[in-house]
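Reading through the structure tokens given below for one structure.
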Amino acid sequence: MSLVVDVLAGGVRGGTSIMYAGLGETVSERSGVINLGTEGAMLVGALAGYAVTAETGSPWIGALGGAAAGALLASIHALLVVVRKANQFASGLTLLFLALGVTSFYGSDYVGKSINPFTKWDVPGLSDIPWIGEIFFQNDPLIYVSYVAVPLIWFVLFRTRMGLLVRTAGERSDSLTVNGYSVERIRSAAVIAGGALSGLGGAHLSIAYANAWFENMVVGRGFIAVALVIFASWSPLRVMGGAYLFGSALALAPALQARGYGVNQFALDVIPFVLTLLVLAVLGKRTLAAAPDELKRVFENAPAKT
Amino acid sequence: MSARTRRLAAFTGAIAALAVALSSCSAASSGGGGGGASGSDSSEPGTGGTAVGFIMVGPKDDFGYNQAVYDGSEIIKKKFPDLKVITAENVPEDDNAARTMEQMIDKGAKIIFATSYGHLDAAVQVAKDHPDVVVIQQGNTITDTVEPNMGTYFGTVYEPMYLAGIAAGKATKSDKLGYVYAFPIPQTIANINAFERGAQSVNPDAETITVSTSSWCDPAKQRSAADSLLSQGVDVITQHQDCTKTVIEAAEAKGAMTVGYHADASSLAPKGWITGAVWNWGPLYTDIVQTIVDGKFVGSEYNANYRVGYKTGENPFVLAPYGKVVDAQTKAAIETAKAFLSTATGSPFVGPVIAQDGSIAVAAGKVPTYAEVDGMNYFVKGVIGKLSS
């Protein structure tokens, strides 16, 4: 297989968990709430997905379990920062470390267990297309679900009343209040939905990609997702592209090594962050222009207008 | 506006720093417990304790390195009913290791096994602070003077890896073998070289393609590494990782074969399992503990950098049971090779050994010592991949 196909196919497979988490963070940040606990939501999703799959024998139920666990962790964030107006950075990071501890503790029983994971399923017809087929249509079902989820989330955010409310909560929350909506309720819903997506991303890692649970197995992919959202200017479609780009960056090291090239894996591992910093440096103000207004308040440490 | 942009940039930088920090952190065992005053009586180090401590870098059921340590500690529990066995999982290779060992000493341990390569510095420090406690480290080498209450031990894992290489060289149809490893430390390099030399001994065309993950256990990176190897036509995969499940299952799913490492994982690959180099620490741990409690540790072979292989005693590395793909002829070839390794002049690296760059690494007819193999810093010819510096 050519290097390009190898790297891009690896990018789709390895980037999907980051994409789900990035989509979750996008929904949350669009409503004006940043969640640095995305890494934690992925961790609880990875463990819950694995544990539920091990207990029920069904990876589909496992995936739902992963999403539910992510939503549960995010609901604590919603309670703290939306209802109690706590500092968003502090809450997110604290929840991450809570998730690390809790999953290490409860996960030890599942380290040695085997599961019946999602398996590769070639889409009839499409998988035979040269290049495209190998990259996009010889994958696991959760990857196919993401092909539907991305346009769906875009549609909901930008073409429905629900999406309008979420975006308004993130841009001009006072206008919602004036019109009799509860900003708290809208933001909480967005944060919890975001947590569910991040949990699903974690479950993709444990029950579709690596097919294993180990403590701290997300190793920073949740933070890549947070960086990705800025990189993608809070757009679900660009999150998809960015996730594949970051995923391909991660797939580059093994692909080169398997061809006998000497590479420094540590240098390649920081590519996603270097890319994000480059985007920030090059686009500067334009990146910021895309940020939801209420989110900018978080960065400026100004009290939220609710 | 530009102030906002700067904040956003600083914020992203902070995220990057966090991610880097996180990727090297595991759930730290809670600290505490200062160094107690060490015993002042003149008895031999390691005697008079009520417990034996084992610190492990990972979880005890990882189908790998740490599980083997844990299984060994269970043997100690059975063989020495008077001693309490204290185990600590997920002990990082930093100050936390020293703190965990101090806690074990507080709980009555006079013998401590520090079982990860990177636990050595902490082990040396604890041994110096507690002359009455024997701290013994698994897998690394003390290059300074060895304290009277210190030692390292290891098996010559590259010997069974050489034998497994024979099985892999016979089994492969594409003549491409894959090796997923963590870091280019000498022990790993010797394993990879021995595996390739074993394969070459029965199949001169066999190549070993290497991919590093820069982590002892990052399952997602392992999957990515396995995918890259499989897409290059590799049909036998082996590894030097602490957790081994992901790579084995990825190979099995693609119809490739597997040589295991650390633990018998044949249940994960019913079709493609060949064999593996697995551990049997029980006998060596038992002998080390017995030597210490008998008060004979100082000056013993364990009070040094002890290495045991087929020719000097009972190698803690043994071959795992064979899978279906291994035929009788291959088994016979492996038995012959094992008998050769057990002779005084037997080694996977009997010269001439040609390095990857074509230079002669071991002269014709020369047999490198265990210590020389322990310091290996080059790939042999037939290994594909560069050692990153």
Side-chain angles (χ1 to χ4, degrees), chain A residues 1 6 9-10 13-14 17 36 39 93 100-101 104-105 108 111-112 114 117 119-120 205-206 209-217 219-221 223-224 226-227 230 250-251 253-255 257-266 269-270 273 276-277 280-281 284-285 287-288 291 296 299-300, chain B residues 1-5 7-9 11-13 15-16 18-23 25-27 58-63 67 89-90 178 180 209-215 217-229 231-232 234 243 245-246 249-250 253 267-268 384-389:
Chain A
M1 210 194 285
D6 202 6
R13 276 184 232 128
S17 57
L36 290 189
E39 173 95 3
L93 287 177
L100 254 179
S104 302
F105 182 74
S108 59
V111 170
S114 281
T119 48
K120 184 172 84 97
L205 269 187
S206 67
Y209 190 57
N211 301 337
W213 159 257
F214 281 96
E215 75 152 44
N216 194 19
M217 71 177 285
V219 259
R221 287 175 183 84
F223 282 101
I224 295 182
V226 175
I230 302 168
L250 293 173
Q257 289 183 55
R259 287 166 174 77
Y261 296 103
V263 292
N264 188 327
Q265 172 115 35
F266 296 110
D269 282 355
V270 301
F273 301 105
T276 305
L277 287 173
L280 285 174
K285 279 183 191 169
T287 319
L288 193 77
K296 292 175 198 160
F299 288 109
E300 290 181 345
Chain B
M1 284 301 262
S2 71
R4 282 177 171 176
T5 314
R7 278 194 196 99
L8 207 55
F11 166 70
T12 314
I15 289 177
L18 263 168
V20 172
L22 201 76
S23 55
C25 122
S26 69
K60 67 174 164 57
D61 37 16
D62 58 359
F63 277 107
Q67 184 169 334
E89 302 172 64
N90 300 318
V180 180
I209 304 175
T210 59
V211 173
S212 84
T213 58
S214 304
S215 170
C217 180
D218 182 338
K221 269 193 186 164
Q222 292 175 345
R223 169 67 198 270
S224 176
D227 281 352
S228 291
L229 287 169
S231 78
Q232 289 296 97
V234 162
C243 54
K245 186 168 177 284
T246 299
E249 290 189 336
S267 61
L268 299 178
I384 311 295
K386 287 208 172 63
L387 282 172
S388 53
S389 46

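Note that the structure is a prediction, hence the values are computed from the model and not measured. Order of the sequence lines sets the chain letters (A, B, ...), proteins ahead of strands, with each chain counted from 1.
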Check for a donor-acceptor pair, side chain of B/Arg223 on one end and backbone N or O of B/Pro219 on the other, with a separation under 3.5 Å.
no
Sort out for me which of B/Ile384, B/Asp218, B/Ile209, B/Leu268 touches chain A most, counting heavy-atom pairs under 4.5 Å.
B/Asp218
Heavy-atom pairs under 4.5 Å with chain A: which of B/Lys221, B/Gln222, B/Lys60 has the most?
B/Lys221
Taking all heavy atoms of B/Lys245 and all of A/Ser114, pick out the closest pair and write down the distance.
CE-OG, 3.6 Å
Contact class of B/Glu249 relative to chain A, heavy atoms under 4.5 angstrom:
side chain
With chain A, the option among B/Val234, B/Leu229, B/Asp227 that has the most non-hydrogen atom pairs under 4.5 Å is B/Asp227
Which atom names give the shortest non-hydrogen contact between A/Tyr209 and B/Ala220, and what distance separates them?
CE2-O, 3.3 Å
Student check: side-chain heavy atoms of B/Ser224 and A/Pro254 closer than 4.5 Å
yes
Proximity breakdown for A/Ser108 and chain B, heavy-atom pairs closer than 4.5 Å:
backbone
Which region of B/Thr213, side chain (C-beta onward) or backbone (N, CA, C, O), has a non-hydrogen atom less than 4.5 Å from a non-hydrogen atom of chain A, or is it both or neither?
backbone
Please classify the contact between B/Cys243 and chain A as side chain, backbone, both or neither, with a heavy-atom cut-off of under 4.5 Å.
both
Separation between SG (B/Cys217) and CE (A/Met217), nearest 0.5 Å, reads 8.0 Å
Region of B/Ser214 that comes under 4.5 Å of a non-hydrogen atom in chain A:
both
Would you find a donor on one side and an acceptor on the other, under 3.5 Å apart, between the side chain of B/Thr246 and the backbone of A/Ala210?
yes
